[in-house]
Amino acid sequence: MARYNPKEVEPRWRAAWDDKGVFRTRGPEEAGGKPKYYVLEMFPYPSGNIHMGHARNYVMGDVVARFKRARGFNVLHPMGWDAFGMPAENAAMERGVHPKAWTYSNIDNMRAQLKLLGLSIDWSREFATCDPAYYGRQQRWFLDLWERGLVYRKESVVNWDPVDHTVLANEQVIDGRGWRSGAVVEKRKLTQWFLRITDYADELIEGLKTLDRWPDKVRLMQENWIGKSRGLKFRFDFAEGSKPDGIDNLEVYTTRPDTLFGASFVAIAWDHPLAERIAAADPAVAAFCEELRHGAATEAEIETGEKKGLFTGLEVVHPFDPSIKLPVWIANFVLMQYGTGALFGCPGHDQRDHDFASKYGLPIIPVVCPDGVDPATFNVDAEPFVGDGKLFNSRFLDGLDVDSGIAAAIDRMEAQDQGEGATVYRLRDWGVSRQRYWGCPIPVIHCEACGPQPVPPEQLPVELPEDVEFKTPGNPLDRHPTWRHTTCPKCKGAAQRETDTLDTFVDSSWYFARFANPHAAEPIDKVAADYWLAVDQYIGGVEHAVLHLLYARFISRALTDAGDMTVREPFAGLFTQGMVVHETYRLPDDPKGWIEPTDVELKTVDGKRVARRISTGEPLVIGDIEKMSKSKKNVVAPEEILDAYGVDAGRLFVLSDSPPERDVQWTAGGIEGSWRFVNRVWSVFEDLDQMGVTEPADPDAAQALRRTTHKAIKAVTEGFDGFRFNSAIARLYEFVNAIKGSDPEATGSAARREALSALARLIAPIVPHLAEECWAALGETGMVVDAPWPAFDPMLAADDEIALPIQVNGKRRGELKVKPGLEPADVEKIALSDEQVKRHLDGLTVRKVIVVKDRIVNIVAG
RNA sequence: GCCGCCGUAGCUCAGUGGUAGAGCGCAUCCUUGGUAAGGCUGAGGUCGGCAGUUCAAUCCUGCCCGGCGGCACCA
């Protein structure tokens, strides 16, 4: 047999899979009663090239898909493209290439690269979100949501780049400047489209409890993001002579109404209506609000979070004691977007209020005293106390603990009809307007007479015009000569199209449902979606833990309520995989002098690793291990690896060296090790055709090999089931070593065939090409991809003899070989009669013998 | 600041209330008819630190130290 040659073997098997169409999805009618399994990796943005992170993500999904297929599931494993977004417009501006041409050519390139990975994908279901066939249907359900009242327009504050004439996301604002133009970013009020995700806030939290196959971490992050809190909303009356015209009272929100008697001021946000009212009449207040509008001026201010405030001159009356007056301040730490944009400050029991009061000399009144401390001497001047305790200085609340105090204060406030218990969320409605070209047009027509009107269904999709230019900044849709001009569907008068496009997170909020039937006329084929959804295993980066996954959960619910879909919770199982990282190398005197790994030679000198630049011989500094990035030049391109070692060695390596949820460090040594394993596997299949049928020369050896085989099947199966690919691979290493270490004459051909047949099938999800070649070498006629998963015999997979350590006073002093399940009383007898043990018990009295069945014996003596 | 995760061999990481493991690296030797290699053998660990629970703690509990991630004035 020839040496293993991936360059010849791998393309041959990929062609064989294609020819037989083995990865074509079967609908329920073809499934023959098999249970369905939907495995999906987060679809990629078509940036142009597959990188190692993509490769690891898609290989993991492929392992799951192939494993489930072998285990008898009817599998859906599709692929598509998250194809709208800014980089296409940037390419247009920088290189004059049209976003559409750029995107589709990137897709062609990346599809070809993905196919090289040997993924078991049904490519017939592929689509891109920038296909009019896709985004047109998105427009359709957008209007369904509008009809249900889940879509609305409102004015909101955005980051505006005055040079590029565009809205920037928060992460595109760096040190207060636009990331592209470098211009100082302004806060502008724009009328934007919003989706009412907050209507579903409670359900989105409740649903998290049912997601038992999601990482706890992600569920926790979503819960914190939604940020539900319970408290009290109530209204302060203004003090006499302090009441502004047209404003009756000032509503605040608090989670700690128990501390109301510790209040010493009231604070409002700079953009609170009351602040705007006062600013209109008072230039000093106007100047202060303007200052806060620009946010923290320096890094230091952001870091220290220094409190700033200005007394407005107004006073309000304490709701529980009209004789107490509280000053109203405008403060920089109050956010208009949360609660009511106003709060009462209790410096004794809140860090921020304490900072503020200390700075401006406001009173600090303690009202909660920790248990076991004397209230008479309890002092919060230096530091607030935020824990539980007994209320004091608080009239009718005195003596209550915090929880009862909160309840009592809410009751009293409701009784005097000045407030009510309230639930408040950190989550805000989802602003989906983007002033950009390369996105899904919002299907709305603005008519001066009739207001905003939905585009009639027969006019969908509203397609993007292709004749646009990107030389001038701003939204090309806005300045297109004809595109926006249309007629009002209601009054037939002249009207204008909406020129905002949708946030690309909308595109990715329903693609998993479209995959159920990507050719359906309606947005979602409910019968197909009902069969395939929920996604049984979703796999992607943890960076999408909040936004994408929360939006998709919201849209699924909204679409279900609007009648377009039937599954409220789209992802039953979620796995967040780690990144591929690599060491960095740079020139000693240049903090930015990064050198790519291909130009680096590593050696160990006197036990220390040193790096040298191959091209010049210069010594290099070994830097941190970081996510592969072009800027740090620590990128290893998948195609280089494929070329040198083949796909299978690469697939093996990205899974073998680290648990899937953690980062994996790419190393030259690691991929070498994987390559050696590929060859070692092949070497055990090599001598097969000379083997013939032989009786075992040593029946014990044959039995031992069978035990090893069945233990390996059990361990590897459990590893794949539990998403522990690295430990499944470790078991495969051991299994191959055991086969290689066994003597073919001793074991005979039957046990050996059993071992190799199992091995070929066990490695198939990870190294599918090699597995096919091994399977063929066994003389099998079909392909391993169609072979059922091997089963193990529980009797053979269990140990028939256990080594039972014996401890004397906690120290290991001997060992027994026993059959599993031996009764503790019998074990005790054997242990005490053991010669070794007797020696250690010499001169001691046995006080106690602890026998843990099948585990250990401990003799306590003294 | 708050919340979460992690700390085990030189490196990357398994693991378990009861004998500390794998791969890579390193050292020694063998092979030179699997050779842009293969194989044998071996060294190497206070399981981050301190205390507690237990017959027994790397594992459970508490505190501390170090690294990483999320949120960040959320009233």
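In this text the structure is predicted, and so the values were computed from the model without any measurement. Letters A, B, ... are given to chains in the order of the sequence lines, protein chains preceding strands, and every chain is numbered from 1. Just so you know, these numbers use all the heavy atoms, side chains as well, and skip hydrogens, waters and symmetry mates.
Taking atom P on both nucleotides, B/G38 is separated from B/C24 by 10 Å, rounded to a whole Å. Atom name C1', nucleotides B/G42 and B/G52: the rounded distance is 40 Å, in whole Å. Comparing the same atom, C1', in B/G15 and in B/G45 gives a spacing of 15 Å after rounding to whole Å. With C1' as the reference atom, B/A22 and B/A9 are 11 Å apart, rounded to whole Å. Taking atom C1' on both B/G7 and B/U58, the two are 12 Å apart, rounded to the nearest angstrom. Nucleotides B/U61 and B/C73, compared at atom C1', are 34 Å apart to the nearest Å. As rounded to the nearest Å, B/G48 and B/A57 have C1' atoms that lie 16 Å from one another. Using atom C1' as the reference point in both B/G62 and B/G25, the two lie 39 Å apart (nearest Å).
Between the side chain of A/Q222 and the backbone N or O of A/A545 there is at least one donor-acceptor pair closer than 3.5 Å.
Of all nucleotides listed (B/G39, B/C73, B/A75), B/C73 comes nearest to the side chain of A/N332. You'll find that the side chain of A/N726 is closest to B/C13, out of B/C13, B/C71, B/A75. Listed candidates were B/C73, B/C3, B/A75. Nearest to the side chain of A/N224 is B/C3. With distances taken from any side-chain atom of A/Y338 to the nucleotides B/A75, B/C73, B/A72, the minimum falls on B/A75.
Distance, A/Y645 OH to B/A36 P: 14 Å, rounded to whole Å. Per the geometry, CG belonging to A/D355 stands 16 Å off P belonging to B/A75, to the nearest Å. Atom pair A/E672:CD and B/C26:P shows a separation of 12 Å (rounding to whole Å applied). Rounded to a whole Å, the CZ atom of A/F725 is 14 Å from the P atom of B/A14. The interatomic distance linking A/K307 (NZ) with B/A75 (P) rounds to 14 Å, in whole Å. A/K711 has its NZ atom 16 Å from the P atom of B/A22, to the nearest Å. When the P atom of B/G70 is taken as reference, atom NE2 of A/H544 falls 13 Å away, rounded to whole Å. When rounded to the nearest whole Å, the span between CD1 of A/I226 and P of B/C71 equals 14 Å.
Every stem involving RNA chain B, taken as at least 3 paired positions in a row under the Watson-Crick or G-U wobble test at 3.5 Å, is listed here: B:1-7 with B:65-71, B:10-13 with B:21-24, B:48-52 with B:60-64.
For A/K228 and A/T423, the side-chain atoms include no donor-acceptor pair closer than 3.5 Å. Side-chain atoms of A/D429 and A/T198 form a donor-acceptor pair, as typed in the model, at a separation below 3.5 Å.
With the nearest nucleotide of RNA chain B identified for both A/R724 and A/Y733, A/R724 has the one nearer the 5' end. Along RNA chain B, the nucleotide nearest to A/Q337 and the one nearest to A/R676 differ in position, and the one closer to the 5' end is contacted by A/R676.
At the heavy-atom level, A/R428 lies under 4.0 Å from base atoms of the strands shown. Within 4.0 Å of A/V546, counting heavy atoms only, lies no atom of the nucleic acid at all. The residue A/K740 sits close to a base: some heavy atom pair falls under 4.0 Å. Heavy atoms of A/S656 sit nowhere under 4.0 angstrom from any nucleic acid atom.
Residues forming a side chain to side chain donor-acceptor pair (under 3.5 Å) with A/S229 (at least two apart in sequence, or on another chain): A/Y253, A/Y338. Legend: residues meeting side-chain contact (heavy atoms from CB on, under 4.5 Å) with A/D258, ordered by chain and number and at least two apart, are A/R256, A/V368, A/L391, A/V402, A/I406. Under the rule for a salt bridge (Lys or Arg N to Asp or Glu O under 4.0 Å), A/E640 has no partner lying at least two apart in sequence or in another chain.
Under a cutoff of 6.0 Å and an axis angle of 45°, A/K307 and A/F333 form a cation-pi pair.
For residues 669-680 of chain A, no residue pair satisfies the salt bridge (Lys or Arg N to Asp or Glu O under 4.0 Å) rule, not counting sequence neighbours.
Taking OG of A/S674 as the start and CD1 of A/I729 as the end, the distance is 7.5 Å to the nearest 0.5 Å.
For B/G34, the glycosidic angle deviates from 0 by 90° or less, giving a syn base.
Applying the 4.0 Å criterion to OP1 and OP2 of B/A72, one finds that A/R426 has a side-chain N or O inside that range.
For the segment residues 214-221 of chain A, residues with any heavy atom less than 4.0 angstrom from an atom of RNA chain B are, sorted by number, A/L220, A/M221.
Aromatic ring pairs are classed by plane angle as parallel below 30°, tilted from 30° to 60° and perpendicular above 60°; the pair A/F385 and A/H349 is perpendicular.
Just one of A/F265, A/F234, A/F261 meets the ring-ring contact (aromatic ring centres under 6.0 Å, His included) condition when paired with A/H318; it is A/F261.
For the pair A/V63/A/F725, a side-chain contact is recorded, criterion being any heavy-atom separation below 4.5 Å from C-beta on.
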